Every structure is written in structure tokens, then in C-alpha cells.
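These notes concern the structure reproduced below.
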Amino acid sequence: MDHGERPEHRQAASDLTGRSSELDLIRAVIEGTGRLGGSLTLRGEPGVGKSALLDAAADLALANGMRTLRAAGAEFEANIAFAGLNQLLVPLTPMFPRLDSSHESALRVALGFGDGATPSRLLIATATLSLLLLAAHDQPLVVLVDDTQWLDDASADVLAFVARRVTDTAVRVLTAVRTTGQPLAGDVNGLTIHSLDDAAAESLLIDRYPDLAEQVRLRIVTEAQGNPLALVELPTMLTSDRYPTGNALPAVLPLTERLSRTFASRISALAPETQDLLLLLALDGSGRVLSDEGVVGPGAAAQLDIAEHERIVVVDRQHAVVFRHPLVRSAVVELAGPEARRRAHRALAKGRALDPGHRAWHLADASFGPDEEVASLLQREAIQALERGDPTAAVAAMTRSADLSPDLQHRSQRLAATAYFAAEVMGDPQSVSSLLSDARRVNAGVGSLAAASAAASLLLYSDGDVISAYRVISAALRAPDIEPAAEEVNSAIWILSLTVALNGRKEMWDSYRELVERYRHMLPESVLIRSEIATNPATASPEALATLDRQIAALATERDPGQIIRVAYVANDVDRLADLREPLLRVWREGMQAGAVASVTNALMLLCGESYLAGRWDDTQRFAEEAWNLSRPTGTWSSSGT
């Protein structure tokens with residue numbers, strides 16, 4: 001059956017999210033208050049909620065003191081004559097003797113309860129109508145038939161006959177059919193059930209899964225495209241134990257068994273060659289892999305024609321191949337076995353126009369076990385993702401890099417780096433703690449700067465423990481055997497500068513300056529300027545201020561939110577925040593979409609300060625309230641320590 005709800009999630013008729021107008025029409029048919037007669041056909045895509053509306057119709061019938069009879073078409077019974085009618089009328093068999101003898105005999109033979117030649121369909125149809133009217137004389141009756149596209153032809157003909165003849169009687173007939181199926185009775189009233197809009201979809205998710213992370217909720221809304229079945233089922237596959245960071249959701253979402261059955265029926269009937277092409281398209285995601293014959297092979301055009309004809313894919317105006325529903329793409333991947341998926345990823349990794357990041361991911365998904373070469377490629381992709389302002393992709397890439405690391409020390413260091421990303425950009429203390437625990441479990445002696453930076457961030461943002469954070473990060477920077485990467489040093493010195501600025505003790509400033517000098521050859525210009533200006537803004541040299549002005553100007557095209565935030569904090573020390581309003585607004589807008597909570601909180605606090613100094617009081621209050629509301633549910637704090 002094609003339910004938009006699980007039975008255990010069944011809602012009352014008055015509580016179907018986004019379906020008030022549909023329920024009003026169904027109520028009018030059942031109560032006979034409209035001009036629609038006694039029949040209604042619900043049409044819609046799989047999972048759109050037709051079955052849930054039939055459930056609601058049953059509830060309304062019960063509330064009105066009416067009896068219900070239910071049946072549903074089934075593919076495996078589609079060739080058994082009168083199988084659907086049998087399912088519907090069995091509860092009424094005690095009433096058969098009250099019919100005239102010809103009608104009773106016709107029904108008993110048709111339903112398999114008697115012997116003899118099969119009567120004409122007209123006789124069976126009139127017998128069925130007579131039986132329903134007889135039952136309705138005792139108690140008004142509602143007939144509900146789901147999935148009529150799979151009814152056997154004989155039952156469909158009989159029920160269509162009935163549906164057209166119940167006007168002005170105590171019988172109501174409501175049926176549901178998929179958009180691609182044949183309605184039960186073409187000339188009775190029809191109602192197309194559309195997908196929910198985004199607002200209703202979010203409302204449904206919040207109601208059913210109030211603890212669902214915002215990133216996960218938004219992804220599900222995008223993928224489900226308003227399909228209620230998908231909205232209800234997908235969260236069960238995206239639990240925190242499977243995706244502990246909440247940021248590394250797969251490119252193709254996994255489906256429950258029920259969703260897979262719903263969306264995969266047309267795919268499984270296709271030839272293997274067509275399924276192979278669909279798998280390449282699904283795993284590629286760009287819609288343009290067809291242009292590379294070395295990947296898809298010479299017969300791809302013919303297979304694409306078949307997939308288009310079956311309404312699985314469509315070629316859009318940009319000449320890219322797009323799945324008609326994102327979950328059909330997921331179903332294609334679910335149907336393929338693990339080796340078929342690895343084989344497809346290996347083929348895609350050879351694509352001529354593939355960028356390094358996508359190539360790294362395809363190689364990772366084609367890997368059978370640990371692979372340091374691929375792990376290194378993903379580590380580089382993580383750094384580049386941060387620089388282009390995509391922290392979610394950075395966390396996902398570094399997490400997968402750790403998974404593929406054959407060396408335990410490298411694995412723990414990469415987990416620690418992921419923890420730092422989660423702390424500094426995502427503002428996710430829970431993920432930081434979990435990732436650091438994993439890093440220490442892999443290698444109890446992990447002492448990387450990334451681990452120290454993540455631990456110090458956790459102390460700062462979760463506990464507000466400035467002194468402990470300072471001790472952790474300064475000790476790591478002074479470790480005698482340390483051989484850190486430049487990115488690790490950059491991050492560690494930045495965290496150190498925050499702890500020193502928040503505490504302000506002279507001995508801590510002296511230690512900070514000493515460590516900056518120690519690693520000067522590895523530090524970018526922005527960090528060196530921070531060390532000079534933050535130490536004593538009043539004595540900053542003209543050269544340092546000129547360098548800062550150049551850095552501010554460069555932010556007009558900067559994508560890395562971390563770089564914008566760091567330059568902004570230096571600018572704040574010397575009253576240059578007004579020049580960073582637009583870049584900070586960009587961090588806010590883009591960070592909200594990317595789930596970069598820490599970056600957004602920092603941007604909002606800096607915007608609050610800039611607005612305050614400029615006398616824009618409404619903006620000051622708005623930015624402060626935004627930052628406060630954003631940080632309260634997650635325990636996130638800005639890098640300023642506010």
C-alpha cells in the first residue's frame with residue numbers, strides 16, 4: 001500500500017499537516033454537504049499522502065456513525081479476477097442471503113465461494129451495488145479503495161460501475177490512485193494531491209521529530225520535495241549514531257525499506273544496461289557525465305531515451321540530466337549492490353573534466369579499505385572546502401580522510417582536525433567532544449596541534465575556561481618534538497591569541513609574542529598583523545595598519561569565513577569595523593545556509609559592535625538578539641568570548 005504515514009504515526013483527520021482544503025472536500029463527500037455526489041478519486045505521486053487521507057476519511061466516517069469497507073490493490077493479485085472485490089466484500093458475506101437469488105449466486109461464484117460458470121460483469125456489478133445499498137440501509141457506508149492502479153480489471157470495472165451510481169444514496173466511494181495509474185472511474189470527481197510546500201514540510205518534521213538538527217531537517221525538506229512519506233521516514237535513517245557530527249550527511253540519502261519499495265518499482269523493471277547508466281548519473285550528481293563517453297560508454301544515449309520514456313529522468317534547459325525526484329536517485333543507488341557502486345565510482349573518478357575534490361570523493365567511495373593516497377587527497381579537499389566557505393563539506397571530507405587512514409597516528413590527527421573545524425566554524429561542542437574522544441581512542445597519545453586547538457576551543461566555548469584553554473594550547477605549541485603543518489600552527493596561534501586577549505595578563509602576552517616569533521616563518525600575514533596590533537593597538541606601526549587595510553580590501557571577494565572573522569577582529573582593535581560590514585553580512589547569510597554556527601555568531605557580534613559605534617540602534621539590537629538566540633540552543637559562543 002502507498003501510505004503517506006506509518007500506521008504508528010497516523011494522525012487524526014483534523015491534524016494532517018498542510019491538508020486542510022483536501023480534508024474539507026473529503027468531509028463534504030462523506031457528509032453529503034457538497035455538490036460532488038457520493039464518489040471521489042484521489043490522484044497523486046507515490047508517498048504523497050493519499051493513504052493518509054483515506055485514513056482520515058475513515059476517521060470522519062466513524063465520527064459520523066458510518067461503517068467502512070476497505071480494500072487495496074496489490075501487484076501480485078493484479079491478474080486474479082475479482083481479487084480486489086473479494087477483499088472488499090468478505091465482511092458483508094453474512095448479508096448475502098438477503099439478496100435475491102441471482103445476485104447472491106453471482107457474488108458467491110465471483111468471489112470464489114460457489115461453483116458454476118462465471119456470471120457477466122454487469123450482473124456482478126449490479127449485485128455488488130445491491131449488496132452495498134442493503135448494508136447502507138442498516139448503517140450509512142463508506143467504501144475506501146487504495147492503490148486502484150493495481151486492482152484486477154474485473155474488480156476495477158465493478159467498482160467503477162458502483163462509484164458512478166451512489167449519488168443520493170447512503171453509500172460513499174473514495175478511491176486513491178497513483179498519477180501514472182488508471183483511475184477507477186474516469187467520470188467521477190477527481191482531486192489531485194500535490195506535494196506539501198516547504199513551510200508545511202518543515203512544520204511536519206518539527207512536529208514529528210522536534211529534536212532533529214536544523215541541518216538535517218533542511219536537507220530532508222530539500223530531498224523530500226514535499227512528499228509526506230519521505231518526510232516521515234527519512235529521519236529514521238539519519239540518526240545521530242550513524243552520523244554523529246550532524247554535518248557529514250551522504251550525497252545520496254539512504255532510504256528505508258518502505259521508501260525504497262515506493263520509489264524503486266519502475267527502476268527494478270529496467271534492463272541492466274539502463275540501470276547501470278542511471279547509477280552513474282545518480283552517483284555523479286552533476287547531470288553532465290553523459291558528455292564523457294569514456295565513462296558512460298557508447299550506448300548511453302539509447303539508455304537515456306528509455307529512462308526518459310519511463311519518467312525517471314528529464315533533460316533540463318541547461319542540457320543536464322535530472323532525476324524527476326531526488327529520492328528516485330536514492331532508490332537507484334539503493335538497488336545497486338556495493339560492488340556495482342564501487343565500480344561506478346571508479347569509472348567516474350576517471351572523468352576528464354572532474355575537479356580534484358570530486359575525484360577524491362569518488363576514489364574514497366570506490367575504496368575497499370584504508371588508502372593513504374586517497375586520505376591525503378580528501379584532507380586537501382577539506383582545507384579547500386574551508387577556504388571556499390563550505391564548512392560542512394570540510395568536516396565531511398576530513399572525517400572520511402580519517403576513516404581511510406591506514407596509520408593510526410594520522411587517523412587520530414585527522415579526527416582532531418575535524419574536531420577543530422567543528423569547534424571553530426560549526427560551533428558544535430557536542431561533536432568536538434565526540435571527535436576528540438574518537439581521536440584519543442585511536443591513539444591514546446595523540447598530541448597534535450589540531451587536537452590541542454579543538455580541546456582549547458571546547459574549553460573556551462563550552463566552559464568559558466580561559467586559563468585552561470591557554471595552558472592546553474601554549475603547552476602544545478611548546479612541545480619539543482612537535483612537527484606541525486602550517487595550517488595547524490595558524491589555527492593554534494589564533495586560539496592562543498583569543499585566550500590571551502580575554503585574560504590580558506602581561507605574562508600571557510609575553511608568552512604569546514614569543515610563540516609568534518618561534519613560528520613566524522609558518523604564519524600568514526593576517527596572523528602576524530594580529531600579533532602586532534592586538535598586543536598594543538595604540539602603538540601599531542603605519543606599515544602594520546597599511547597591511548591591515550590591504551587585507552580588508554581583499555575581503556570583497558574572500559569566501560573563507562574564518563579569514564573574514566580574523567581580519568575583522570584585528571580591525572575592531574583599531575576602529576576599522578565599518579569597512580567590514582558587507583563581508584560580515586555575507587558571512588552571516590552564507591553561514592546560516594551552511595550551518596556554520598560559530599562563524600555566524602562571531603559575525604553577528606562584530607556587526608553588533610559596528611552598528612553600536614555607528615549609532616544604528618535598531619541594527620545593534622537585532623544583531624545582538626540574533627546572536628543570543630543562535631547560541632543559546634547549542635551552547636555556542638563567539639570567539640570574542642562574549
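For clarity, every value in this text was computed on a predicted model and none was experimentally measured. As a basis for the values below, the full set of heavy atoms in this structure was taken, side chains included, without hydrogen atoms, waters or symmetry mates.
Atom CG of Leu515 and atom CZ of Arg520 lie 12.5 Å apart (nearest 0.5 Å). To the nearest 0.5 angstrom, Trp361 atom CH2 is 13.5 Å from Leu283 atom CG. With values rounded to the nearest 0.5 angstrom, Asp197 atom CG is found 13.0 Å from Gln225 atom CD. The distance from the CD atom of Gln563 to the CD atom of Gln551 is 6.5 Å, given to the nearest 0.5 Å. Here the straight-line distance linking atom CE of Met508 with atom OH of Tyr470 works out to 5.5 Å at 0.5 Å rounding. Note: Leu218 CG to Glu202 CD = 5.5 Å, rounded to the nearest 0.5 Å.
Arg329 contributes no side-chain N or O that, together with a main-chain N or O of Phe323, makes up a donor-acceptor pair within less than 3.5 Å. Listed for the Arg400 side chain is a donor-acceptor partner under 3.5 Å among the backbone atoms of Ala364. Not a single donor-acceptor pair under 3.5 Å links the side chain of Tyr209 to the backbone N or O of Leu204. Counting only distance, with no hydrogens or angles, the side chain of Ser330 and the backbone of Leu253 share a donor-acceptor pair below 3.5 Å. Remark: the backbone N or O of Ala224 is paired with a side-chain donor or acceptor of His325 at under 3.5 angstrom. Side-chain atoms of Ser203 do not come within 3.5 Å of backbone N or O of Ala199 as any donor-acceptor pair. Remark: the backbone N or O of Glu488 is not paired with any side-chain donor or acceptor of Ser491 at under 3.5 angstrom.
Checked for salt-bridge contact, Arg586 and Glu558 miss the test: no charged N lies under 4.0 Å from a carboxylate O. The pair Arg513-Glu532 does not meet the salt-bridge criterion, since no charged nitrogen lies less than 4.0 angstrom from a carboxylate oxygen.
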Next on the checklist: Quick one, Glu626 with Trp588, criterion side-chain contact (heavy atoms from CB on, under 4.5 Å). Give me CA distance, side-chain angles, the key distance, then yes/no.
Outcome noted: CA-CA 10 Å; Glu626 286 269 0; Trp588 175 29; 3.9 Å; yes
Next on the checklist: side-chain contact (heavy atoms from CB on, under 4.5 Å) for Asp619 and Arg581? Distances and angles first, verdict last.
Outcome noted: CA-CA 12 Å; Asp619 280 353; Arg581 183 177 176 83; 3.0 Å; yes
Item to check | Derivation of the side-chain contact (heavy atoms from CB on, under 4.5 Å) call for Arg589 and Val600 | outcome: CA-CA 8 Å; Arg589 290 191 297 265; Val600 169; over 6 Å; no
Next on the checklist: Quick one, Leu606 with Glu610, criterion side-chain contact (heavy atoms from CB on, under 4.5 Å). Give me CA distance, side-chain angles, the key distance, then yes/no.
Outcome noted: CA-CA 6 Å; Leu606 288 160; Glu610 188 275 331; over 6 Å; no
Next on the checklist: As a quick check of understanding, evaluate salt bridge (charged side-chain N to carboxylate O under 4.0 Å, His left out) for Glu223 and Arg219, giving each step before the final call.
Outcome noted: CA-CA 6 Å; Glu223 295 282 331; Arg219 175 71 184 279; 3.2 Å; yes
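Put simply, the side chain of Ser611 does not reach to within 4.5 Å of the side chain of Arg622, judged on heavy atoms. By the 4.5 Å heavy-atom criterion applied to side chains, Leu577 and Leu584 are counted as neighbours. Contact of the Leu378 side chain with the Thr399 side chain is not registered, since no non-hydrogen atoms from C-beta on lie closer than 4.5 Å. The closest side-chain heavy-atom distance from Leu523 to Trp494 is not below 4.5 Å. Between Leu234 and Leu327, the closest side-chain pair of non-hydrogen atoms falls below 4.5 Å. Residues Thr222 and Pro326 have side chains not in contact (no heavy-atom distance under 4.5 Å, counting atoms from C-beta outward). Taking 4.5 Å as the limit, every side-chain heavy atom of Asn490 sits out of range of all side-chain heavy atoms of Glu487. When side chains are defined from C-beta on, Arg576 counts as touching Asp549, because their heavy atoms get closer than 4.5 Å.
Scanning both residues, Leu404 and Gly369, for their nearest heavy atoms gives CD2-O, 3.6 Å. Listed here is the closest heavy atom pair of Ser531 and Leu528: OG-O, 2.6 Å. Nearest heavy-atom pair, Ala349 versus Leu363, reported as atom, atom and distance to 0.1 Å: CB-CD2, 3.8 Å. Scanning both residues, Val333 and Arg341, for their nearest heavy atoms gives O-NH1, 3.0 Å. Across all their heavy atoms, Ala571 and Leu548 have their closest contact at CA-CD2, 4.1 Å. When all heavy atoms of Ala624 and Cys608 are compared, the closest pair comes out as CB-SG, 3.8 Å.
The environment of CG in Asp618 is sparse: at most 12 heavy-atom neighbours from other residues, nucleotides or ligands sit within 6.0 Å. Atom CD of Glu373 has 12 or fewer neighbouring heavy atoms from other residues, nucleotides or ligands inside a 6.0 Å radius. Within a 6.0 Å sphere centred on CZ of Arg359, other residues, nucleotides and ligands contribute 12 heavy atoms or fewer. For Glu257, the CD atom counts as loosely surrounded, since its 6.0 Å shell holds 12 or fewer non-hydrogen atoms of other residues, nucleotides or ligands. For Glu517, the CD atom is densely surrounded, since the number of other residues' heavy atoms within 6.0 Å is greater than 12. No more than 12 heavy atoms of other residues, nucleotides or ligands shown are found within 6.0 angstrom of CZ on Arg471.
In this structure, a donor-acceptor pair under 3.5 Å is absent between the side chains of Glu334 and Ser260. Side-chain atoms of Arg550 and Thr547 include a donor-acceptor pair closer than 3.5 Å. Arg566 and Asn602 form no side-chain donor-acceptor contact under 3.5 Å, judged by distance and modelled atom types alone. Side-chain contact check for Glu372 and Ser376: at least one donor-acceptor pair (N or O, by modelled atom type) lies under 3.5 Å. In the model, Arg478 has a side-chain atom that pairs as donor or acceptor with a side-chain atom of Ser511 under 3.5 Å.
Taking the six-membered ring where tryptophan is involved, the planes of His358 and His362 are tilted, since the angle between them lies from 30° to 60°. Classified by interplanar angle (parallel below 30°, tilted 30° to 60°, perpendicular above 60°), the ring pair Trp617/Tyr612 is perpendicular.
When the options Leu580, Asp579, Asp560 are evaluated for a side chain to side chain contact (heavy atoms under 4.5 Å, CB included) with Leu555, the one that passes is Leu580.
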